[in-house]
Structures are given as structure tokens and as C-alpha cells.
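The structure under discussion appears below in the form of C-alpha cells.
Note that the structure is predicted; figures quoted are calculated from it, not measured.
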Protein chains: 2
Amino acid sequence: MPIELTPSQALGLWHAVSLAQVRVDSRDLTLRQLAILLHIYLVPPPHTVRGLAATLGVTKPVITRALDTMGALGLVDRVRDDRDRRNVVIKRTVEGAIYLEKFGDLIIDQGRKQPK
Amino acid sequence: MPIELTPSQALGLWHAVSLAQVRVDSRDLTLRQLAILLHIYLVPPPHTVRGLAATLGVTKPVITRALDTMGALGLVDRVRDDRDRRNVVIKRTVEGAIYLEKFGDLIIDQGRKQPK
DNA sequence: GCAAAAAGAAACGCTTGCGTAACGATCCGC
DNA sequence: GCGGATCGTTACGCAAGCGTTTCTTTTTGC
């Protein structure tokens with residue numbers, strides 16, 4: 001069952017959520033960081049730096065830096081892969097799950113408030 | 001008629017749209033910039049620096065800089081208000097309208113592709 | 001008129017992100 | 001084992017964003 005939106009609803013929803021998020025949270029994640037975070041939490045593991053870079057169509061240092069930032073915020077964690085010690089496996093954290101849960105609630109709330 | 005979303009749909013939609021936008025567009029607008037842009041195009045004018053700053057809960061220079069950046073990208077325009085020449089009225093542009101139109105289409109497309 | 005207030009921009013130092021290129025560590029083929 | 005490939009990180013110079021403060025222009029109150 002897909003989500004059917006009118007253009008006005010689509011942009012209205014994005015507007016309301018962006019505005020609410022800007023006002024609520026001083027942590028100003030970039031679009032890329034948010035995309036990475038959502039990908040880690042919504043797509044089955046394992047996740048590697050290389051895989052994420054390919055998925056987003058960006059270079060590896062971009063991923064490394066995003067993980068640095070979000071790691072410092074406690075939203076993700078990194079662990080060496082013992083089966084191939086060149087790899088780093090990106091792990092979810094409790095704090096990250098809570099962050100996205102709140103973000104999801106915000107989307108749902110703003111969706112309910114959309115007119116028409 | 002509000003938009004009713006499950007948590008999985010809400011985050012899934014955001015995930016898909018963020019990912020698609022990152023891949024499609026190298027212009028990496030911050031969440032704040034996007035919020036400003038959407039506000040200008042979705043809320044009836046006039047829009048001023050001061051008003052936007054209050055709406056987003058940020059300082060005026062943040063708005064000035066965002067308008068500098070998006071102005072350089074052709075997404076918005078600035079015009080002095082002749083009735084009160086201290087004010088600057090923020091104007092929409094054709095290019096900005098096209099940008100948001102494409103963005104809306106992207107949201108609608110990704111909404112249609114959402115499972116469940 | 002003229003001081004005070006208001007709006008927006010500019011200046012300042014700082015932080016963070018970028019792309020490219022180089023680097024150590026590890027694995028693989030032979 | 002050893003040369004080459006692969007993975008993630010680090011280094012570099014640069015651009016852009018931030019908050020605070022200061023400045024310029026314009027309006028307002030008296």
C-alpha cells in the first residue's frame with residue numbers, strides 16, 4: 001500500500017517537518033548525515049564504509065567524517081570486523097534508535113496536522 | 001484529510017527521499033536552508049529576514065547567509081521594500097519554483113514506492 | 001530636527017565539511 | 001611469503017556555516 005500524496009501535501013509535509021526539526025534540535029545534521037543514519041537503521045546489516053559510500057554515491061572520506069560526527073553524538077558506533085580486519089562494521093546505538101524514533105514521531109505528527 | 005503514516009512508513013519515506021536527493025543533487029542544502037526555502041514558497045508573502053529568523057528560532061545573520069547562498073544558486077531573490085526601506089522582501093524565482101517542483105515530485109515518487 | 005530604535009548586512013574568529021591524494025593495515029593469488 | 005589489491009583513515013588546502021558583535025541605513029517619537 002503505497003503512500004499517495006499531492007504535490008501540496010508532499011512539500012507541506014516536508015516544510016512542517018523541517019521547520020519543527022530546526023526549532024527542536026540544535027544538532028543540525030546535514031542531509032547526507034541523515035541519509036546515512038536512516039540507511040544504517042532501516043537496511044539490514046552489515047554496513048561498511050565502502051558500502052555506504054557506494055550507496056550514497058559519495059567518496060569514502062565523506063562517510064568516515066559523517067561517522068566521526070555522528071559517533072561523537074552517540075548516534076552510531078564502529079567496530080572492526082574480526083573476519084576481515086580491513087573492514088569496519090557500523091553498529092546502531094540505543095541513542096540513535098531513540099533519535100530516529102522521535103524523528104519518526106515528528107513526521108507522523110506533522111502528517112496528521114497537514115490540511116486537505 | 002490528514003496524512004496517516006506508520007512509523008515504518010514515515011522513516012522509510014524520509015530515508016528514500018534523502019537518499020534520492022543526495023544522489024541526484026550535488027547542491028547539499030542544509031536542513032535550515034531547506035526549511036527557509038520551503039517557507040518562502042509555501043507561506044504567503046511578504047517574507048523578511050527578521051520574520052524568517054523568528055519563525056525558525058535562529059539569529060538574523062543565519063538568514064542573511066542562507067539567502068546569500070541560495071541567492072547565488074538562483075533559488076531566491078532579494079528586493080528592498082520601498083515602503084519601508086529598512087526592510088528587504090524575499091522574492092521567489094522561477095528556478096526556485098522548479099527546484100521545489102522537482103523535489104515534490106521526488107517525494108511523491110518515493111511515497112508511491114514505499115512498501116506496505 | 002534629533003536622539004533612540006529597528007532592519008539588515010558585514011566583520012571577526014572559530015568549527016565543520018568538502019575533494020583529492022597519500023597512508024598504514026590487512027587480505028588474496030600464486 | 002610476497003607483490004598487488006582492498007579497506008578505512010588521515011593530511012591538506014579550501015569553502016561554507018556558525019554566534020557574537022559592530023556598522024549603515026532608515027524610520028519613529030517627541
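Atoms CG (B/L31) and P (C/dG17) sit 15 Å apart, rounded to a whole Å. The nearest whole Å value for the distance from the CG atom in A/D68 to the P atom in D/dA11 is 12 Å. Distance, B/I90 CD1 to C/dA9 C1': 13 Å, rounded to whole Å. For A/K60 and C/dA22, the NZ to C1' distance is 12 Å, given to the nearest whole Å. Spacing between atom CD1 of A/I36 and atom P of C/dG17 amounts to 11 Å, rounded to whole angstrom units. Look at CG on B/L29: it is 17 Å from P on C/dG17, rounded to the nearest Å. Taking atom CG of B/D84 as the reference point, atom C1' of C/dA6 lies 9 Å away to the nearest angstrom. Rounded to whole Å, atom P of D/dG4 lies 17 Å from atom CZ of A/R86.
Closest-nucleotide positions on DNA chain C for A/D81 and B/I63 were compared, and the one nearer the 5' end corresponds to B/I63. Comparing B/V88 and A/Q33, the nucleotide of DNA chain C nearest to each residue sits closer to the 5' end for B/V88.
Distances shorter than 4.0 Å separate none of the side-chain N or O atoms of A/T64 from OP1 or OP2 on D/dG8. Look at B/R83 and you won't find any side-chain N or O under 4.0 angstrom from OP1 or OP2 of D/dT27. Phosphate proximity of C/dA5 to B/R50: absent, as no side-chain N or O sits under 4.0 Å from OP1 or OP2.
The listed nucleotides are D/dG8, D/dC18, C/dA21; the one nearest the side chain of A/P61 is C/dA21. Among the nucleotides C/dC18, D/dG17, C/dG8, the one closest to the side chain of B/T30 is D/dG17. Comparing D/dG19, C/dA25, D/dT9 against the side chain of B/T59 picks out D/dG19 as the nearest. Here the side chain of A/N87 is nearest to one of C/dG8, D/dC7, C/dG17, namely D/dC7. Distance from the side chain of A/T48 is smallest for D/dG8 among the nucleotides D/dG8, C/dG8, D/dG19.
B/L19 contributes atom CG, which lies 8.5 Å from atom CD of B/Q110 (distance to the nearest 0.5 angstrom).
A/R23 places a side-chain N or O within 3.5 Å of a backbone atom of B/T55 that can act as its donor or acceptor partner. At least one donor-acceptor pair under 3.5 Å links the side chain of B/T93 to the backbone N or O of B/L75.
A/R65 comes within contact range of at least one nucleobase, with a heavy-atom separation under 4.0 Å. When heavy atoms are screened at a 4.0 angstrom cut-off, A/R85 is found touching the sugar-phosphate backbone but no base atom.
Sorted by first then second residue, the salt bridge (Lys or Arg N to Asp or Glu O under 4.0 Å) pairs that include residues 64-80 of chain A, not counting sequence neighbours, are A/D68-A/R78.
Ring-plane geometry between B/F103 and A/W14 is classed as perpendicular, the angle between the planes exceeding 60 degrees on a 0 to 90 degree scale with a lower cut at 30.
Between the side chain of A/R80 and the base of D/dG8, no donor-acceptor pair under 3.5 Å is found. The base of D/dG8 lies outside donor-acceptor range of the side chain of A/R78, with no N or O pair under 3.5 Å.
Put simply, B/L52 and B/V88 are part of two different groups of oily side chains (I, L, V, M, F, W, Y) that touch within less than 4.5 Å, one to the next.
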